[in-house]
Amino acid sequence: MKIGILSYHFPPEPAFIPGSLAEELATRGHDVRVLTGFPDYPGGHVYPGWRQRWRHQTRSERLTVRRVPRYAGGDGSTGARMASWLSFAGSVALTGRRYLSEIDALYVFQLPAVTFAAAGLLRLLGRVPTVLHVQDVWPEEEPARSGEGRRWSGRLDATVRRLYQEADAVAVTAPSMRDLVVSGGADPERVRVVLNWTDERIFRPTQPSPAARRLIRRNGRCVVMHAGTIGVRQGLDTAVRAAAALGDRMDLVMVGSGAEERRVRGLAAELRAQNVRFVERRSPLDMPELYAAADYQLVMLRDLPELRGMVPGKLQAALSCAAPVVASAAGDTVALVERARAGLSCPPEDWAALADRFWLASAIPPAARAEMGGRGRDAYLREMSLRAGVDRIEQLLHEVSTRAGRPAR
């Protein structure tokens, strides 16, 4: 097949799903054309060594990547985000019709930033068979619903609804997200679950180095590690309160940073939680050894309706590394952990329940922890791996192309 991929972000940005999908589809013999922007995430400024220009195109044997300019403001305001999103849509409109004119099917890595560009591109290409891979229904990047933000939110909501209705297939990253996209206008007969995968070249079982042990472990206590964003969605104040209640029974180690880091650090200091430690953000290449140095990985999401249909990427990374999990969340995240018997779980935003899980985690023998991790690894390979995910996306692309009378060549 000739397959087009539209994605706002693409490697060398941390956009592993569209990047690995493009590479794997090309490896399988498809002719893949990617339309994306110049790398600027997360700082909002184009990476050093890159210069935005119109005719930037790279090609390997079966994979072509065309990059188009977009506004890179970098201040994070609603106006700057909208300028970036709309400028990307304009650039896609100017280049997409010719660049993607002969494709058999289009895959859209659906984040809010690509919404206006996707809608415009579908109008230009006519009825090209399209697969939307929806990543987030109510993303953090969505403009605030007041003043100018409310006006843009209305336009975004209306455009997303139109995309759901026009798409020939909609892939969602968690079972409960299916209900959300159907309520947003998608035909339920066209919605399929395709769980995200992780970078299996990096996240795989390993042994901790002495340096990783020194960084993560102290005093021989059980270590529960949170790796990633310390933000509003995670609600990590619950974890701090739970750990503080257990004193020297276990250690909570947070590796990463985010908008809520100062507040969470302040709460740990206020509670005099000596067993809560913070480690600055590390390269993804370092993380498997840190996972191996800890006893459990902590996966937390607040109790919000939109998060019940979300599976954070750290879960796939932990399971791929055969790390047992403590999950404080609702919906699909906990359901996946429980079905795989890959760790312990409790309701979200309940520090007493989480403290009970921490205590139980510390009491479980190492051999039983290893069995949990092994079951999680098996579940990852079966349900969430790169091979499983690309198989499902490839099948959807074939289906929508065939329905439209464009059978594979």
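Every value quoted in this text rests on a predicted model; they were computed, and no experiment measured them. Any value given below was found using the heavy atoms of this structure, including those in side chains, with hydrogens, waters and symmetry copies removed. All residue numbers refer to positions in the sequence shown, counting from 1.
Of the inter-residue distances, the one linking Phe358 atom CZ with Leu360 atom CG reads 12.0 Å to the nearest 0.5 angstrom. For the atom pair CG (Leu100) and OG1 (Thr95), the distance works out to 7.5 Å, reported to the nearest 0.5 Å. Note that OH of Tyr380 is 5.5 Å distant from OG1 of Thr198, once rounded to the nearest 0.5 Å. Distance check: Leu125 CG to Ile103 CD1 gives 5.5 Å after rounding to the nearest 0.5 Å. In this structure, the separation between CG on Leu215 and CE on Met225 is 9.0 Å, given to the nearest 0.5 Å. Leu121 CG to Leu106 CG: the interatomic distance, rounded to the nearest 0.5 Å, is 5.5 Å.
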Show, in sequence, the C-alpha distance, side-chain angles and deciding distance for Leu386 and Leu21, and conclude whether the side-chain contact (heavy atoms from CB on, under 4.5 Å) test is met. CA-CA 8 Å; Leu386 170 65; Leu21 175 68; over 6 Å; no

Check the pair Ser345 / Glu338 against side-chain hydrogen bond (donor to acceptor under 3.5 Å, both in side chains), numbers first and verdict last. CA-CA 7 Å; Ser345 63; Glu338 292 179 347; 2.7 Å; yes

Stepwise, does the side-chain contact (heavy atoms from CB on, under 4.5 Å) test hold for Gln52 with Tyr71? CA-CA 10 Å; Gln52 297 205 72; Tyr71 174 74; over 6 Å; no

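Counting only distance, with no hydrogens or angles, the side chain of Ser91 and the backbone of Ser87 share a donor-acceptor pair below 3.5 Å. At distances below 3.5 Å, not a single donor-acceptor pair connects side-chain atoms of Arg51 with backbone N or O atoms of Pro48. Using modelled atom types, one side-chain atom of Arg377 and one backbone atom of Ser320 make a donor-acceptor pair closer than 3.5 Å. Tyr296 contributes a side-chain N or O that, together with a main-chain N or O of Ala361, makes up a donor-acceptor pair within less than 3.5 Å. Without hydrogens or angle criteria, Thr130 side chain to Leu122 main chain gives no donor-acceptor distance under 3.5 Å. Between the side chain of Asp303 and the backbone N or O of Pro348 there is no donor-acceptor pair closer than 3.5 Å. Checking side-chain atoms of Gln316 against main-chain N and O of Asn196 turns up a donor-acceptor pair under 3.5 Å. Using a distance-only test at 3.5 Å, with no hydrogens or angles considered, no donor-acceptor pair links the side chain of Ser84 to the main chain of Arg81. Side chain of His226 to backbone of Met254: no donor-acceptor contact under 3.5 angstrom is found. Side-chain N or O atoms of Lys314 include none that pairs as donor or acceptor with a backbone N or O of Gly228 at under 3.5 Å.
For Arg221, the side-chain hydrogen bond (donor to acceptor under 3.5 Å, both in side chains) partners at least two apart in sequence or on another chain are Asp251. In terms of the ring-ring contact (aromatic ring centres under 6.0 Å, His included) criterion, residue partners of His133 (sequence neighbours excluded) are, by chain and number, Tyr107. Phe88 is linked by a ring-ring contact (aromatic ring centres under 6.0 Å, His included) to Tyr8, counting only residues two or more places apart in sequence or in another chain. Asp378 pairs by the side chain to side chain contact (heavy atoms under 4.5 Å, CB included) definition with Arg382, not counting sequence neighbours. Taking the side-chain hydrogen bond (donor to acceptor under 3.5 Å, both in side chains) definition, one finds that Arg62 meets it with nothing, sequence neighbours left out. Residues forming a ring-ring contact (aromatic ring centres under 6.0 Å, His included) with Trp359 (at least two apart in sequence, or on another chain): none. Scanning for side-chain hydrogen bond (donor to acceptor under 3.5 Å, both in side chains) contacts around Arg282 gives an empty result, with sequence neighbours left out. Arg341 meets the side-chain hydrogen bond (donor to acceptor under 3.5 Å, both in side chains) test with no other residue; sequence neighbours excluded. Among residues two or more places apart in sequence or in another chain, the ring-ring contact (aromatic ring centres under 6.0 Å, His included) test is passed with Tyr99 by none.
In this structure, a donor-acceptor pair under 3.5 Å is present between the side chains of Gln110 and Thr115. Inspection of the Ser362 and Arg249 side chains reveals an N or O donor paired with an N or O acceptor under 3.5 Å. Using modelled atom types and a 3.5 Å distance limit, the side chains of Gln165 and Asp187 yield no donor-acceptor pair. No hydrogens or angles considered: nothing links the side chains of Ser401 and Asp104 as a donor-acceptor pair under 3.5 Å.
Both tests do not hold together for Arg53 against Phe38: distance to the six-membered ring centre under 6.0 Å, angle to the ring axis within 45°.
Contact check for Ile5 versus Leu35: no side-chain heavy atoms found under the 4.5 Å cut-off. For the pair Leu354/Asp350, no side-chain contact is recorded, criterion being any heavy-atom separation below 4.5 Å from C-beta on. Put simply, the side chain of His9 does not reach to within 4.5 Å of the side chain of Thr36, judged on heavy atoms. For the pair Asp248 and Asn219, the minimum side-chain heavy-atom distance is 4.5 Å or more. The shortest distance between side-chain heavy atoms of Val255 and Met287 falls below 4.5 Å. Counting only heavy atoms from C-beta outward, the side chains of Glu394 and Ile3 never approach each other to under 4.5 Å. Looking at Trp85 and Leu156, their side chains come closer than 4.5 Å, going by heavy atoms from C-beta outward. Residues Leu252 and Leu298 have side chains in contact (heavy-atom distance under 4.5 Å, counting atoms from C-beta outward).
Gly185 and Tyr164 make their closest contact through C-CB, 4.0 Å (heavy atoms, listed as atom of the first residue, atom of the second, distance). Smallest separation of non-hydrogen atoms from Val337 and Ala327: CG2-CB, 4.1 Å. When every heavy atom of Phe203 is checked against every heavy atom of Ala317, the shortest pair comes out as CD2-CB, 3.8 Å. The nearest pair of heavy atoms linking Ser183 to Arg161 is O-NH2, 3.3 Å. Listed here is the closest heavy atom pair of Phe116 and Ala89: C-CB, 3.8 Å. Counting all heavy atoms, side chain and backbone alike, Ala171 lies closest to Ile393 at CB-CD1, 4.3 Å.
For the salt bridge (charged side-chain N to carboxylate O under 4.0 Å, His left out) condition, the pairs that include at least one residue of residues 4-23, sequence neighbours left out, are Glu13-Arg70. For the side chain to side chain donor-acceptor pair (under 3.5 Å) condition, the pairs that include at least one residue of residues 266-281, sequence neighbours left out, are Ser257-Arg281.
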Contacts under 3.5 angstrom, residues 288-295 side chains, donor-acceptor by atom type, not counting sequence neighbours:
unit_1	atom_1	unit_2	atom_2	d
Glu289	OE1	Ser209	OG	2.8
Asp295	OD1	Arg369	NH1	3.1
Asp295	OD2	Arg217	NH1	3.2
Asp295	OD2	Arg217	NH2	3.1
Asp295	OD2	Val223	N	2.8

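By the neighbour-count criterion of 12 heavy atoms within 6.0 Å, atom CZ of Arg59 is densely surrounded, having more than that number from other residues, nucleotides or ligands.
Under 4.0 Å is where a charged nitrogen must lie from a carboxylate oxygen, and between Arg204 and Glu200 no such pair does. Salt bridge Arg28/Asp391: present, at least one basic N to carboxylate O contact under 4.0 Å.
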